[in-house]
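As the structure is a prediction and not an experimental result, all values here were calculated from the model.
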Amino acid sequence: MAFTNPRVAAAATSAVVALAVVATPAQAAEPKAPKNIIYMIGDGMGYNHVAAVNLWQTGQSKWMLNGENSINSISNVDGKPVQAFEQEDKGWKHTSMTTFQYGNEYDEIKAWSDRDWINKNFTDSAAAATAMGTGVKTDNGKIGVDHKGEKLENTSQRAVKQGKAAGVVSSVPFNHATPAGWGGHNENRSNYTQLADEMLGPDSPLSVIMGAGHPLYDDNAQKTDKFNPKYITEETYNKVANGETDWSLVTDQADFESLAKAANKDAKKVFGLAPVANTLQQGRAGSDGEDKANVGPYLTEFNKGVPTLATMSLGALNTLNQDKDGFHLMIEGGAIDWTGHANTIGRSIEETIDFFDAVEAVEKWVEENSSWEDTLLIVTADHETGYLAGPQDPSKYSELSGEKGAKPEHTYNSDNHTNQLVGFWYKGAGADDIYEESTKHTDKIRGSYIDNTTVARLTLDKWWNGEKPADNKKPADGSSADSPWLIAILSILGVAGLLAVIAQAAPSLVDNLRTQLPKF
């Protein structure tokens with residue numbers, strides 16, 4: 001008896017394998033691969049950026065340090081969780097992550113004992129995004145290519161190969177380094193219009209792109225008279241705006257909010273271009289954004305008519321979730337980094353809270369629209385920016401301090417990136433695999449850690465490591481198509497009682513199975 005239908009043959013094989021192992025001890029089940037991956041990145045968000053928000057909101061925080069500038073003299077300050085992703089009793093796990101670029105390293109002795117070491121030779125967002133999106137280290141400035149300039153496959157592309165959808169969301173320009181890391185390939189991160197053309201082009205793996213970078217608005221969300229071609233050419237913008245591509249352009253806040261409630265089933269692809277130039281809110285006018293005296297947050301009215309990161313994130317999720325096979329979504333709180341470069345604590349707290357609000361909204365969305373058995377949610381950073389620390393740093397390690405609702409006492413010790421470990425929080429499908437990877441490395445101060453290539457390597461090498469199976473079609477030889485009754489019968493042959501019944505009723509079936517398939 002020859003089985004020409006592949007599904008029937010597979011079911012028959014499964015039945016025989018089941019017979020072979022029915023008497024053996026049970027094996028531990030392989031952890032389920034995530035159907036959906038949501039990678040949320042607070043650009044530039046170090047542990048002390050989290051602590052600053054926690055202090056502002058509650059007057060206390062975890063993650064802060066005290067001690068002399070020696071790895072053997074530093075202690076962790078006690079604190080309670082504040083943010084949703086800090087709640088271990090709700091399924092969240094925590095580790096740390098290294099962020100270094102190609103040719104660099106993380107050295108815990110130097111990192112904790114030499115305050116200048118982490119201030120030098122650090123990654124930029126392009127190299128970090130490439131590592132996080134492709135699992136391969138590269139030079140600073142490069143997007144989606146290795147240090148030799150060879151193109152790399154990113155996890156958005158792999159998602160599409162798996163029959164899934166992919167998207168990116170950011171609070172800074174849609175084709176800035178981090179979102180471009182999941183949708184573009186270029187040896188120079190500043191080639192914005194080339195990256196835009198690739199991300200919006202016919203071969204793009206993305207079906208959702210949302211962010212700032214509108215060519216007809218300024219940083220105060222005011223319309224301008226002149227087209228700004230920094231991030232997108234006039235030709236490309238007009239093609240999208242005039243309906244000459246597969247992209248549906250969304251710019252109005254009301255339309256973003258509508259998507260956050262439900263997907264637009266008529267839109268194949270959504271390009272959400274917030275009506276603002278560089279950032280949703282961080283770049284708006286006001287002394288609190290420009291004054292290095294570091295005043296507190298919320299002193300200048302927000303831009304009107306601009307969606308929040310949470311709103312865009314929900315719109316992206318609803319759109320991508322129409323794909324029954326799953327999706328990959330990268331969400332970036334990009335302007336946290338910009339506040340670190342500017343050393344403005346007030347705007348840093350604003351941007352970090354906006355990111356945390358998005359995390360909370362996404363977590364709720366998963367619980368209402370998916371499940372933790374299907375979805376992996378990650379909250380992390382690509383690097384730290386500003387060397388944010390306590391008021392006595394860098395002469396020693398000191399904790400930030402402050403009452404609820406007050407600007408935390410702090411210092412900035414750089415206007416650039418650092419080579420510190422950053423926090424990495426995760427929940428859902430695939431969490432056990434990440435935990436296993438985290439046990440391979442330990443930092444004396446922060447504990448376990450992974451590398452910024454780890455999740456991409458798990459995605460490409462383990463979770464999503466094959467092509468999507470071809471759709472079932474009638475066999476070319478004219479034999480019967482899927483036979484659900486036969487598949488069902490064969491699938492349960494491993495049960496001893498049913499096997500005995502079927503063996504008595506149809507011994508030839510069992511004999512054929514045994515002769516056609518390998519011995520076990």
Side-chain angles (χ1 to χ4, degrees), residues 31-43 45 50 81-97 129 132-133 155-156 158-159 162 164-171 178-179 181-182 208 210 260 308-321 323 325-334 336 352-382 422-438 450 452 454-459 462-464:
K32 182 179 178 182
K35 173 184 176 183
N36 312 309
I37 298 175
I38 307 171
Y39 215 142
M40 301 193 71
I41 300 170
D43 196 313
M45 186 184 75
V50 179
V82 177
Q83 306 307 323
F85 58 84
E86 297 178 282
Q87 312 290 333
E88 292 184 8
D89 60 339
K90 295 184 178 179
W92 285 93
K93 299 180 186 295
H94 165 258
T95 187
S96 293
M97 185 176 77
M132 296 168 82
T155 51
S156 295
R158 180 61 63 85
Q162 292 278 304
K164 302 175 185 289
V168 294
V169 175
S170 181
S171 61
T178 304
W182 275 267
V208 172
M210 293 187 183
T308 64
L309 185 63
T311 296
M312 293 197 300
S313 299
L314 293 176
L317 286 167
N318 286 334
T319 302
L320 295 173
N321 197 43
D323 192 314
D325 296 307
F327 60 82
H328 186 288
L329 175 62
M330 191 290 300
I331 300 170
E332 181 199 25
I336 300 171
T352 309
I353 287 176
D354 183 57
F355 177 66
F356 290 170
D357 287 346
V359 172
E360 198 165 338
V362 169
E363 182 179 22
K364 182 179 179 183
W365 182 93
V366 172
E367 292 173 349
E368 293 179 351
N369 298 275
S370 182
S371 71
W372 297 114
E373 288 72 33
D374 284 337
T375 301
L376 171 64
L377 176 56
I378 294 168
V379 178
T380 188
D382 56 347
V422 295
F424 188 100
W425 296 266
Y426 57 106
K427 179 178 182 179
D432 289 343
D433 289 326
I434 297 174
Y435 175 78
E436 182 178 349
E437 292 296 318
S438 74
I450 59 174
N452 61 357
T454 299
V455 173
R457 291 266 53 94
L458 284 171
T459 305
K462 184 173 185 178
W463 297 334
W464 298 350

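Once rounded to the nearest 0.5 Å, the distance linking OG1 of T178 with CD1 of I331 reads 13.0 Å. Here the straight-line distance linking atom CG of D382 with atom CG of D43 works out to 3.5 Å at 0.5 Å rounding. The NZ atom of K35 sits 7.5 Å away from the OG1 atom of T375 when rounded to the nearest 0.5 Å.
Under 3.5 Å, the side chains of T155 and T459 contain no donor-acceptor pair of N or O atoms. Side-chain contact check for W92 and Q83: no donor-acceptor pair (N or O, by modelled atom type) lies under 3.5 Å. Side-chain contact of W463 with D433: a donor-acceptor pair under 3.5 Å is present, judged by distance alone.
Checked against the 6.0 Å centroid criterion, the rings of Y435 and Y426 do not qualify as a close aromatic pair.
L317 has its side chain out of reach of N369: every pair of non-hydrogen atoms, C-beta onward, lies at least 4.5 Å apart. For the pair F356 and V379, the minimum side-chain heavy-atom distance is 4.5 Å or more. For the pair Q87 and E363, the minimum side-chain heavy-atom distance is 4.5 Å or more.
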Quiz item: Could you go step by step and tell me if T454 and I434 meet the side chain to side chain contact (heavy atoms under 4.5 Å, CB included) rule?
Solution: CA-CA 8 Å; T454 299; I434 297 174; 5.7 Å; no
Exercise. Could you check F85 against M40 for side chain to side chain contact (heavy atoms under 4.5 Å, CB included), going step by step and ending with a plain yes or no?
Key: CA-CA 11 Å; F85 58 84; M40 301 193 71; over 6 Å; no
Self-check item: Derivation and outcome, side chain to side chain contact (heavy atoms under 4.5 Å, CB included), residues K427 and V366
Solution: CA-CA 11 Å; K427 179 178 182 179; V366 172; over 6 Å; no
Quiz prompt | From CA spacing to verdict: side chain to side chain contact (heavy atoms under 4.5 Å, CB included), N36, S370 | solution = CA-CA 9 Å; N36 312 309; S370 182; 3.5 Å; yes
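Relative orientation of the W425 and H94 rings is tilted, given thresholds of 30° and 60° on the angle between their planes. W365 and F327 have perpendicular rings, their planes meeting at more than 60° on a 0 to 90° scale where under 30° would count as parallel.
Ion pairing of E437 with R457 is absent here, as no side-chain N (NZ or NE/NH1/NH2) approaches a carboxylate O to less than 4.0 Å. In summary, D432 and K32 do not engage in a salt bridge, as defined by a charged side-chain N under 4.0 Å from a carboxylate O. Salt bridge status for K90 with E360: absent, with no side-chain N to carboxylate O gap under 4.0 Å.
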